Structures are given as structure tokens and as C-alpha cells.
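Numbered from 1 within each chain, the chains take letters A, B, ... in sequence-line order. Not measured: the values here are computed from a predicted model.
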Amino acid sequence: MTALLAAEWTRLTGTKLWLWGLLAALASGALIGLLALAGPENFTPPMPGLDTAQGIHALLGLLGFTVFVPALLGTIAVSAEYRHRTITTTTLFAPRRWTWLAAKLAIYTGAGLAYGATAAAVAGGALWGVAVLKGITLGLPAVTITALLARIALTMAVYTLLGLAVGALLRNQVTALIAVGAYFYMIETVLMLIPGIKLLYPYLPGGATAALTGFTYLADAIADQTGTSATPLLSAPAGAAVLVCYALVAIAIAVAAPLRRDIT
Amino acid sequence: MNIEVRGLTKAFGPISAVTDLSFEAEAGVVTGFLGPNGAGKTTTMQMMLGLVTPTSGTATFGGHRYADLPHPSAAVGAVLDSAGFHPAHTAYDHLRVYARMGRHGTARVDQVADLTGVSAFAGRLTRTLSTGMRQRLSLATALLGDPQVLLLDEPSNGLDPEGIAWLREFLRELAADGRTILVSSHVLGEIEHTADHVVVIRDGRLVTAGPIAGLYGTATVLVRSPQADLFAAKLVTSEVRVEHPRPDLLRIHGLSTEQVAAAAASHGVTLHEITPEHPTLEQAFLHLTGGSR
Ligand SMILES: Nc1ncnc2c1ncn2[C@@H]1O[C@H](COP(=O)(O)OP(=O)(O)OP(=O)(O)O)[C@@H](O)[C@H]1O
Ligand SMILES: [Mg+2]
């Protein structure tokens with residue numbers, strides 16, 4: 001297993017994917033910094049300021065909204081094996097196919113965590129920087145903010161796993177990327193507009209993510225628009241558990257189905 | 001380490017790609033795996049390596065299925081044209097990934113790169129490599145584990161004449177080293193001078209297997225004689241068949257040149273010419289595999 005881990009690490013560092021990941025992490029962290037600098041109270045529509053708990057939640061929730069980026073990176077990492085047909089050689093070197101998938105999962109969970117930590121650190125740093133610059137007392141204690149940031153970093157690791165599992169399931173890189181992208185941009189938002197399905201929202205990846213990051217602005221806004229009450233979200237640990245379950249189920253399907261298919 | 005294939009069968013839906021195929025390949029010889037396009041060579045190799053699940057039958061290396069080998073990439077190497085490379089990796093990166101994965105040590109990367117000529121382009125991105133360079137990189141990857149068995153699916157695809165000659169010599173050396181080499185081709189000429197044994201398949205079924213010399217079939221003897229009619233009458237028995245293409249010419253099936261000469265002497269027949277005729281291996285192959293297809 002160490003050999004497989006080392007190989008996946010070599011593979012990851014051999015391409016520029018890690019560099020793009022790093023840039024994306026820095027950029028999404030910096031974006032939060034920029035928004036903090038502009039001040040949420042100046043948004044249209046205005047959002048609660050940084051001196052309120054809600055304001056901090058909303059801003060960090062926006063960072064949580066960029067979780068699809070590591071998910072896409074995870075998807076690219078696995079589906080590249082199929083697209084470039086290195087899967088043949090990989091399977092020859094590791095005939096028990098779940099072993100290399102497990103190695104990929106381990107390496108990319110680490111990479112996803114690193115991505116999340118980078119994005120969270122940049123965002124956190126920017127937040128406090130802006131607070132000092134503008135002389136604002138942040139609406140939440142430092143400990144709570146750090147915990148929120150850590151939860152976001154964790155979410156990103158789980159999303160990398162989810163993306164990886166989707167890549168292993170769908171194999172076709174373009175299909176997998178479209179599926180992941182479409183889900184986060186459209187499908188889940190549209191689902192929330194359907195009254196009955198809305199009750200399921202806490203258990204969908206987006207709802208579970210919202211529970212984990214404490215970002216309910218989107219759910220609230222939709223509830224306002226449709227004139228219904230927002231469905232209460234799960235607790236943060238329950239949200240995390242739901243997300244991990246999604247990843248595990250996706251991986252289990254990936255191991256059970258595609259890994260048995262013929263590689264021709 | 002010998003290869004043993006027993007009753008291998010694969011159906012892709014309604015298409016029977018391989019049907020009840022059995023053969024062996026021994027250590028120390030190059031075995032040619034021949035068949036026309038679509039005969040099932042690639043599918044057979046994919047089943048042997050566990051990439052494709054057989055409908056039934058088994059393939060073993062020294063008694064073990066590929067996936068059950070204690071250290072597969074150190075026992076069996078494979079060159080398949082379905083294998084690709086990450087376009088953003090250099091040739092060297094690619095070898096390093098799989099040297100790690102197979103626990104073969106990074107020192108081995110330089111060795112196989114030198115051995116296969118990959119060193120000349122090791123630093124180039126794989127997307128910039130020519131077909132022949134890719135073929136060499138595939139071979140280098142297969143050799144990382146210094147395997148006892150080598151499976152090559154049409155390895156001369158894309159190689160220039162110099163490359164083909166080099167590969168031929170290289171495979172012969174590996175076999176002389178006691179390794180088991182199975183190399184597929186749809187053109188006999190390509191492995192005629194490399195292979196000692198051949199396994200010929202057509203439509204997924206075994207046609208013939210054995211030493212390559214056996215493919216030639218029985219030789220005939222061409223005789224020119226002013227007494228052709230008389231000689232023909234004397235020669236014909238249940239074992240000997242005689243064609244009479246021209247008045248002074250006979251083609252004799254079933255006797256060696258020595259036997260023909262002896263018969264002529266004992267019957268007092270004058271001969272002007274006596275010539276052994278071998279069908280070319282290519283003709284034999286075309287005949288076996290259904291000729292005009
Ligand atoms: N994945 C697949 N799905 C359906 N049919 C397949 C598949 N792979 C191969 N076949 C069929 O199985 C048969 C054998 O194909 P195979 O590729 O093994 O032949 P081959 O001897 O390698 O031919 P070639 O010399 O052209 O490489 C063909 O009829 C082919 O169409
Ligand atoms: Mg083929």
C-alpha cells in the first residue's frame with residue numbers, strides 16, 4: 001500500500017494539477033478577503049456586517065460554496081486514468097483494483113484537506129486583517145471562527161472524495177465534470193424549489209454542507225421567495241456524517257461496479 | 001515460468017471473441033501468437049492479464065492466475081496498445097510512477113530507459129512522442145519488474161525497420177535468457193524470424209500450435225524428365241500423389257528428394273531436374289487462417 005501511495009503521490013506531483021489546486025485554493029481564500037474588505041453591508045441586497053455573527057457565517061459560507069472546486073479536481077484526478085488509458089497499466093501493476101482506488105482516495109483526501117486548509121487560512125487571515133484595518137470587532141469569537149474555518153476545510157476534503165468517487169463511477173472525464181458541475185450549480189438549487197423535495201434538503205449534499213458550514217443564507221433566501229419556511233438543517237456533526245456517507249456510498253458503488261468492468 | 005491457457009472463452013454479448021482456446025508457451029522460447037484481424041489475439045491477452053473477465057476458462061503463469069501472482073509486475077510484463085500515458089507526464093515521470101507502484105526501485109527506471117532507447121526522449125512530455133517512441137516506452141514500462149514472462153500485442157506497430165530488427169534481436173535475447181515470450185501479430189513475416197513456436201487462431205479458435213517449422217506443411221518435389229509419363233505410373237501409391245502440370249514435368253507429393261532420386265535410379269528413369277519445393281510460410285499461414293479474408 002505504501003508503494004501505491006508513493007506512486008499516486010508521484011503521479012500527482014508529476015502534473016500541474018497540484019499547482020492549479022493551490023492557485024484555486026489561494027484564489028477562493030482571497031475572494032473572501034476581498035468581500036470582507038468591501039463589507040457585506042454594502043452588497044446588493046445588503047447582508048449583515050462583519051460585526052454580527054450572521055455576517056461572519058454568511059461570508060465563510062460563501063467560502064463553503066467553493067467546495068465544488070476540490071470536487072472537480074478529485075473528479076479530474078480519477079477520470080484522467082480512464083481518459084488517458086493509464087488504467088490498463090495501473091491495473092496490471094495493482095491487479096486488485098480496489099487497492100489503487102484506495103491509494104488515490106487516501107492521497108486525494110490529504111490533498112483536499114490541504115486545499116481546504118490553504119483556502120481557510122487565507123480567508124481567515126484576510127478576515128482578521130480586514131477587521132484590524134477597519135477597526136471592526138468581529139461578530140464571533142476567534143475560537144468559533146477558527147472552528148468554522150476548520151469545518152470548511154474538512155468539507156473540502158469530503159468533497160474531494162465525492163468528486164473522486166463520481167470520477168470513478170462515470171469514467172468519462174467530460175461527463176463526470178459536467179455531472180459534478182451541474183449538480184452544484186443547478187440541480188440542487190432547482191430541487192429546493194420543489195416543495196416536497198425541499199424537506200429532503202438537509203440530507204442532500206448542499207444541505208449537509210450548509211449544516212456543516214453554518215451557511216443558511218441561500219436556503220433562507222429561497223424560503224423567502226417561495227413564501228415557505230426554511231427547512232431546518234441538521235446539526236454540524238450530523239451534516240458531516242451525511243456528507244461522509246455520500247462519499248462512502250459513492251466509493252462503494254465505484255468499487256463494486258466500474259472496477260469489475262472489462263478494461264479494453 | 002510457463003504460460004498455460006485452458007479453455008479460454010469470451011463472448012461480448014452476441015460476439016464470440018474467443019472460443020475454448022487452449023495452448024501453452026514455454027520458457028526459453030519465443031512463441032508467436034498469430035491470427036488475422038479480429039481473430040481474438042488482443043482479447044486473449046487481456047483475459048490472460050485479468051483486464052477482461054473470461055466467460056469461462058483460465059490462464060496461468062507458473063500455475064498462478066495473473067491477479068494471484070505474489071508480485072505480478074515482477075513476474076509478467078505486458079505491452080498492450082490499449083495502454084496510454086498521461087499527456088502532461090514526461091516519459092521519465094511515467095516510468096517513475098510505475099516503478100514506485102511495482103516497488104521496483106527508481107534505479108530500475110534508468111536501466112529500462114537505456115535498454116529500450118527511451119533515454120533519448122525521457123524528458124519529453126508523452127503527448128509529444130511518436131508512435132514508435134510510445135511503443136518503446138510501453139516496453140520499458142513492461143520491463144520495470146524484470147519479468148520472467150513478457151506478453152506483447154503487436155509490438156512492432158509503429159516501429160521503423162531498424163526498430164523492428166532491434167526488437168527482434170531483443171526478444172530473442174530475452175528468450176535465450178530463459179524467459180517466456182508471447183508475441184502477437186497478424187503478419188507472419190513479422191515474427192517468422194523471431195518465433196520458435198507459433199499458436200495460430202482464427203475466429204477465436206485454435207487452428208494450430210507447435211514448432212514454426214511445422215507450419216510449412218509437407219514439401220513437394222518437382223521433377224523434369226523426358227520419361228515423365230512412365231515415372232508417374234511407377235510412383236503412384238496410396239501415400240504418393242503425383243501432379244502432371246506439363247508433359248515433361250511432375251510435382252510429387254509425399255516423397256523426399258532422396259526418395260525420388262532413388263526411385264528414378266531403380267526404375268532406370270532419366271531425370272533432367274529435381275527440385276524440392278517449400279510453400280512459403282506466408283502461404284501456409286494464409287491457407288490456415290482462411291486465405292482471402
Ligand atoms: N470490447 C469489445 N466489445 C465487443 N466486441 C469486442 C470487444 N473487443 C473485441 N471485440 C470483438 O472480438 C473479436 C476479437 O477482437 P480482438 O481485438 O481480440 O482481435 P485481434 O486478434 O486482436 O485483432 P487485430 O489483429 O485487429 O488486433 C472481434 O470480433 C472484435 O470485434
Ligand atoms: Mg489486436
*Taking the side chain as every heavy atom from C-beta outward, state whether A:Thr88 and B:Leu49 have any atom pair closer than 4.5 Å.*
no
*Does any pair with a residue in residues 77-102 of chain B pass salt bridge (Lys or Arg N to Asp or Glu O under 4.0 Å), and if so which ones, sequence neighbours excluded?*
B:Asp93-B:Arg96
*Interatomic distance, B:Met101 atom CE to A:Leu4 atom CG [nearest 0.5 angstrom]*: 5.5 Å
*asked:* If the contact rule is any heavy atom under 4.5 Å from chain A, which residues of residues 131-153 of chain B qualify, in numerical order?
replied: B:Thr141, B:Leu144
_Top of B:Ala99, B:Ser82, B:Ala88 for chain A proximity - count of heavy-atom pairs under 4.5 angstrom_ = B:Ser82
*Decide yes or no for A:Thr15 and B:His89: does some side-chain heavy atom of the first lie under 4.5 Å from some side-chain heavy atom of the second?*
yes
*Among B:Pro87, B:Ala74, B:Ala67, B:Ala78, residue most engaged with chain A (heavy-atom pairs, under 4.5 Å)*: B:Pro87
*What part of B:Phe12 is in contact with chain A, defined as an atom under 4.5 angstrom from a non-hydrogen atom: side chain, backbone, both or neither?*
side chain
*Would you mind reporting whether B:Phe85 and A:Thr89 have side-chain heavy atoms less than 4.5 Å apart?*
no
*Straight-line distance of A:Arg83 CZ to B:His86 NE2, nearest 0.5 Å*: 8.5 Å
*Is it true that atom CZ of B:Arg205 has more than 12 heavy atoms of other residues, nucleotides or ligands lying nearer than 6.0 Å?*
no
*Calculate, to the nearest 0.5 Å, the distance between atoms NE2 and CZ belonging to A:His84 and B:Arg127 respectively.*
9.5 Å
*Under 4.5 Å, counting heavy-atom pairs only, tell me which of A:Leu17, A:Thr86, A:Thr2, A:Thr13 racks up the most with chain B.*
A:Thr86
*With a 4.5 angstrom heavy-atom cut-off, which part of A:Ala6 approaches chain B: side chain, backbone, both or neither?*
both
*With a cut-off of 6.0 Å (strictly less than), are more than 12 heavy atoms of other residues, nucleotides or ligands near CH2 of B:Trp166?*
yes
*Name the orientation class of the two ring planes belonging to A:Phe93 and B:Tyr98 (parallel below 30°, tilted from 30 to 60°, perpendicular beyond 60°).*
tilted
_Residues in residues 19-34 of chain B near chain A [non-hydrogen atoms, under 4.5 Å]_ = none
*Using a cut-off of 6.0 Å, state whether more than 12 heavy atoms not belonging to A:Tyr203 lie near its atom OH.*
no
_Would you say that more than 12 heavy atoms from the other residues, nucleotides or ligands in this model lie under 6.0 Å from the CH2 of A:Trp128, or not?_
yes
*Sort B:Leu80 into side chain, backbone, both or neither according to what part of it lies under 4.5 angstrom from a heavy atom of chain A.*
side chain
*Could you tell me whether B:Arg172 atom CZ has more than 12 heavy atoms of other residues or ligands within 6.0 Å of it?*
yes
*Can you pull the salt bridge (Lys or Arg N to Asp or Glu O under 4.0 Å) pairs that have at least one residue in residues 1-17 of chain A, sequence neighbours excluded?*
A:Glu8-A:Arg11, A:Glu8-A:Lys104, A:Arg11-A:Glu81
